[in-house]
Amino acid sequence: MSMTASSRTIGVPLMKLIKLNGVPILQQLHLEERLLRTSTDNWCIINDGTNIPNIVMGVSGKPAELLEVDSVLRDKVPVIRRFTGGGTVIVDTGTIFVTFICNKDDVPAVQSYPRPIMSWSSILYSKVFEGVGDFILRENDYAFGSRKFGGNAQSITKNRWIHHTSFLWDYEINNMAYLKLPKRAPEYRLARNHLDFICCMKDYMPRTDFINRTVDAVEDEFSIRTIELEEAEVSPNTKFVHSSKILTEKELEEAA
């Protein structure tokens, strides 16, 4: 390492980077929760698409209020309740996932509450989207102007927090019909239907550009070490039970 590089990384916290492609979203959620609760490292996880369509609800989401349950059951779309808060999304190969898991002490300027974490992340992504569209943090969403393209969720523990985002690079119009208009929609939605409310990142930038720019923005704040998924999945000594799970057909039928 050169003197310049070493001096630049002194005092800069380390972040481990895992780049994935098409990993099932439930596997990703299980990995994230375990790293949040049993690791002491900072992590950035980028998953370029998930293998099949899944509906993912926040920890307190109620299927009857959020989903067209009869259609979901008819078409056998898996429904996952994740371990973080936030809203409901349908994800597939057109979704790009970016996750940050941080020690509070390594980002001391960020208060450990949802709004400051969102603000921190929006500053990072404003670098990613510099010169691309009119990027803005609107309530809890990332938007270009008045149209959403990124949904966020967090979980905060005593010493650590996670902030993860599902970015709509593209979407299947038909899949949006599985989601109801939520009762607690953001104000800026103005009761618009899904297709009038959301937009695709593919209309603004290439997929690989977004991923590369995100890594560059992270490198402005952390010293990055890229590791393979297998290294992160080595079982820790700590016994750990995941809380993200697929809802059973019975649970969905009861909701309907």
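Hydrogens, waters and symmetry mates are skipped; everything else that's a heavy atom, side chains included, is used.
Nearest approach of Lys180 to His194, heavy atoms of both residues: O-NE2, 3.7 Å. Scanning all heavy atoms of the two residues, the minimum distance from Phe144 to Cys199 falls at CD1-SG, 4.1 Å.
Applying the side-chain contact (heavy atoms from CB on, under 4.5 Å) test between His164 and each of Leu29, Asn47, Asn152 identifies Leu29 as the sole match. The one candidate from Thr226, Asn42, Asp41 that meets the side chain to side chain donor-acceptor pair (under 3.5 Å) condition with Lys16 is Asp41. Each of Ile80, Leu247, Val89 was compared with Met57 under the side-chain contact (heavy atoms from CB on, under 4.5 Å) criterion, and only Leu247 meets it.
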(request) Quick one: do Leu252 and Glu249 satisfy side chain to side chain contact (heavy atoms under 4.5 Å, CB included)? Show the steps, please. (result) CA-CA 5 Å; Leu252 289 171; Glu249 199 170 313; 5.8 Å; no

(request) Report the C-alpha distance between Cys44 and Glu219 in whole Å, list the side-chain angles of each, state the deciding distance to 0.1 Å, and finish with yes or no for side chain to side chain contact (heavy atoms under 4.5 Å, CB included). (result) CA-CA 11 Å; Cys44 174; Glu219 278 192 302; over 6 Å; no

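Counting non-hydrogen atoms of neighbouring residues, nucleotides and ligands closer than 6.0 angstrom, the CG atom of Asp105 reaches no more than 12 such neighbours.
A distance of 6.0 Å or more separates the ring centres of Phe222 and Phe100.
With Arg192 contributing its side chain and Arg147 its backbone, the two residues share no donor-acceptor pair below 3.5 Å. Panel note: side chain Asn54, backbone Ile52; a donor-acceptor pair is recorded below 3.5 Å.
A salt bridge is absent between Arg81 and Glu251: the closest approach of a Lys/Arg side-chain nitrogen to an acidic carboxylate oxygen does not fall below 4.0 angstrom.
With Phe240 as the aromatic partner, Arg34 does not meet the cation-pi criteria of under 6.0 angstrom to the ring centre and within 45 degrees of the ring axis.
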